[in-house]
Amino acid sequence: MVSLYNTGLELANLLLGSDLLNQSWEAISKLQKQNLTLLEDPSLPFSVKNQIYESPSKGSIIAFVSSPNCAVNHLKEEFRELISSDQITSFDFLRTRSNTSSISIHKAAFALFASLEKELSLLKQQFTSSQPLIVTGHSLGGSVASLFTLWLLESLPSYGVQHILCITFGSPLLGNNGFQKAMSEHPMWSSCFLHVVSDKDPVPGFLISDHNASAATLTTPTWYMPFGTYLFGSESGFSCFEEPQSILELLMIMSSRCAESENLNNCSQVIDYGHILEQLKNKAICRGISELPDTISNPLQAGTYLLLEATGVGMVQENVNLSYLAMNIAKRAEVQAKHKQKLFDPSKISKTKKSMSYLEWYMKNSLEEAGYYDKYKTRRSRSRDEIASTENLIKHHRTLKLFWKRTVTEVENLPWKEGRTRRKRLLYAATNYRRMVEPLDIAEYYGRGKRNYVLHGRSEHYKLLEKWLTGENTQTYQRSQASSLTVDSCFWAYVEEAMISCQVLKDGQSSSPQDQESARENLIKFEQYVMDMVNNFLVSPEIFLSQSSFMLWWNEYSKVVGNSYTSPLTNFMNDGFRRYA
């Protein structure tokens, strides 16, 4: 069975067995009783209350409850409105580079959250990443609990996420398709949300019910989509689902009974989730063994069918074809599982060690020749061993580039804070990779007779990796000896451009005056660049090997400028470069 469902079932069994669901609902019930008069006053505008309940052994529970008339108001057309993230700043962190969809949030839920923002800000400051915390809420209070949890998660380091769980009961959907997509790019955050839904509760599914809207509009930017894990309950048992479209279908089926009712207010009564939880406390999540239809053809479909049976979907709507629904949900589960497998896993970086080790070996063995860069640039296979060595180098070169291109893209598409955490973890390995591999790209580029690598040939992922390093404001220190790797991974591109400029001056009459003047300016800039690198010990001694491109350039350049020309670089090359090497 795809782990998509195993995860949900294990979570549901764990929560029921540990009594966390009951404790969460008890906190909600206690808060409702404490504010009974205020919450039931029909003359007051709809409102939400919150309270912290401390448990020395199990951490804290923060409960949010809304006035009962909120549930009724959900079912009115004006309470369907969404508010775009362009109009609010509290949740800007949900935006990512890859998610171009408009992110919108349920307007009524955000209005309540905004009314408590100052109070919740103080609450947010009290929480530390090491404290276990459950944030819970009922109905619209559950929506506010979800928004507060998101707000809290954004402020925590990644290791603090595991201490937070948000449990909602009978909560309406919170955001649109863009919101759901943003949450799917936050797998750690999304795993913190569990939404408990009774088959008798109309509120969770009414915002997407076909009572007021066509199902064809469900994925438009103006419509609602679920996120997180959903725990569906009925008299038969509980079942978990995580795939958004499947949850959407189940919510629509469950809310159809209320949507077809003539008296809408009868369907908006408060559901006693405490009674449901008590009944299910000692039950299995799924009934387990059932007679399966012939159309069910694999274990995933069979498991899905049993999950659907446990939700009581067939009892809610008799014309529901469970086997057909199970096959569709199972198919989407397989697609989502494949997508999850593609998500970035930092442990995969260990798989690149073999390729990096090979490059280090190749670099060490190149010191007896022209150096790492020039051995690759002028590679000529004269023996079977050299042929194998070159082929292996090319293979490892491509392996590393493919890995880091994919990694950089995935990290850049993460929300800013999570992306920054991931960049810091990868920075050391990424910098070593760039300094070892980019010179090989430069050698290939100029070997094809091209020019101006930095402007026209440099891969975007190298630029971003360099930006990661400079963006972290890493502490610089004064080196006392030469670097084993040249710090600027574009050094050899500047050497190649200097060789081209030197050739322009050598050509004399065949080059225009403008070209010669530009070449002189470029060479002066290159001299200054090299001296800055040398003075700070930022270049590897291998650049001074007699057959390196840099030394070949220097030999030609010294002839072009003549013996009478002096500069810091000429003085260094005449007196000091051997000591540096």
Side-chain angles (χ1 to χ4, degrees), residues 8-9 11-13 15-16 19-29 32 63-66 68 70-72 74-75 136-143 145-146 166-174 193-209 211 224 226-242 246-261 263-287 307-318 320 322 325:
L9 289 171
L11 176 62
N13 276 311
L15 292 177
L16 283 171
D19 214 32
L20 289 176
L21 289 176
N22 290 77
Q23 289 180 26
S24 298
W25 183 254
E26 285 172 7
I28 289 171
S29 300
Q32 286 174 335
F64 293 83
V65 297
S66 59
C70 281
V72 178
H74 283 154
L75 310 180
T136 190
H138 173 247
S139 190
L140 196 55
S143 299
S146 294
C166 179
I167 302 173
T168 71
F169 296 88
S171 178
L173 297 181
L174 186 57
F193 292 86
L194 179 73
H195 307 288
V196 183
V197 175
S198 165
D199 66 325
K200 294 181 173 61
D201 195 341
V203 174
F206 193 83
L207 288 174
I208 49 92
S209 171
H211 178 64
Y224 289 88
F227 75 98
T229 300
Y230 270 70
L231 192 60
F232 290 96
S234 71
E235 293 177 0
S236 304
F238 269 28
S239 296
C240 276
F241 292 86
E242 293 177 318
S246 303
I247 295 169
L248 206 60
E249 290 181 22
L250 292 173
L251 287 174
M252 289 184 69
I253 292 170
M254 287 184 166
S255 65
S256 62
R257 175 167 46 182
C258 186
E260 293 167 1
S261 173
N263 187 355
L264 201 60
N265 288 337
N266 287 340
C267 295
S268 58
Q269 60 185 327
V270 175
I271 303 298
D272 185 2
Y273 280 92
H275 176 69
I276 298 171
L277 294 174
E278 193 61 36
Q279 283 185 320
L280 294 165
K281 188 173 180 182
N282 298 316
K283 281 188 178 182
I285 297 290
C286 286
R287 290 185 295 178
L307 287 169
L308 290 172
E309 277 196 323
T311 64
V313 167
M315 291 184 289
V316 172
Q317 197 165 340
E318 292 181 359
V320 171
L322 278 188
L325 188 58

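Values below: all heavy atoms of this structure, side chains included; hydrogens, waters and symmetry mates excluded.
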Student: Shortest non-hydrogen contact from Ala145 to Gly137?
Tutor: CB-N, 4.1 Å

Student: Under a 4.5 Å cut-off applied to non-hydrogen side-chain atoms, are Leu248 and Leu173 in contact?
Tutor: yes

Student: Specify the closest pair of heavy atoms between Phe169 and Leu21, including all atoms of both residues, with the distance to one decimal.
Tutor: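 Closest pair (atom of Phe169, atom of Leu21, distance): CZ-O, 3.7 Å.
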
Student: Would you name the heavy atoms of His195 and Thr168 that are closest together and state the gap between them?
Tutor: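 Minimum heavy-atom separation between His195 and Thr168: ND1-OG1, 2.8 Å.
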
Student: Set out, in order, the CA-CA distance, both residues' side-chain angles and the distance that settles side-chain contact (heavy atoms from CB on, under 4.5 Å) for Tyr230 and Leu251, then state yes or no.
Tutor: CA-CA 10 Å; Tyr230 270 70; Leu251 287 174; 4.2 Å; yes

Student: Looking only at heavy atoms, what is the nearest atom pair of Thr136 and Ile167, with distance?
Tutor: OG1-O, 2.7 Å

Student: Please name the pair of heavy atoms, one in Glu242 and one in Thr229, separated by the smallest distance, quoted to 0.1 Å.
Tutor: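 In this case the closest contact between Glu242 and Thr229 is OE2-OG1, 3.2 Å.
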
Student: Taking the side chain as C-beta and beyond, is there a heavy-atom pair between Phe232 and Ile247 under 4.5 Å?
Tutor: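 Yes, close enough: below the 4.5 Å cut-off.
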
Student: Taking side chain as C-beta onward, heavy atoms only, is Val196 less than 4.5 Å from Trp25?
Tutor: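 Heavy-atom side-chain distance check fails, nothing below 4.5 Å.
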
Student: Between Asp201 and Tyr273, does the side-chain contact (heavy atoms from CB on, under 4.5 Å) criterion hold? Intermediate values first, please.
Tutor: CA-CA 10 Å; Asp201 195 341; Tyr273 280 92; 2.8 Å; yes

Student: Would you say that Val197 contacts Leu250 through its side chain, given a criterion of any heavy-atom pair below 4.5 Å between the two side chains?
Tutor: no

Student: Let me confirm one number: the OG-CG distance from Ser146 to Leu174, rounded to the nearest 0.5 Å.
Tutor: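 Those atoms lie 5.5 Å apart.
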
Student: Indicate the atoms forming the closest heavy-atom contact of Ser139 with Ser66, along with that distance.
Tutor: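 Heavy atoms only, the tightest pair is CB-OG, 3.7 Å.
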
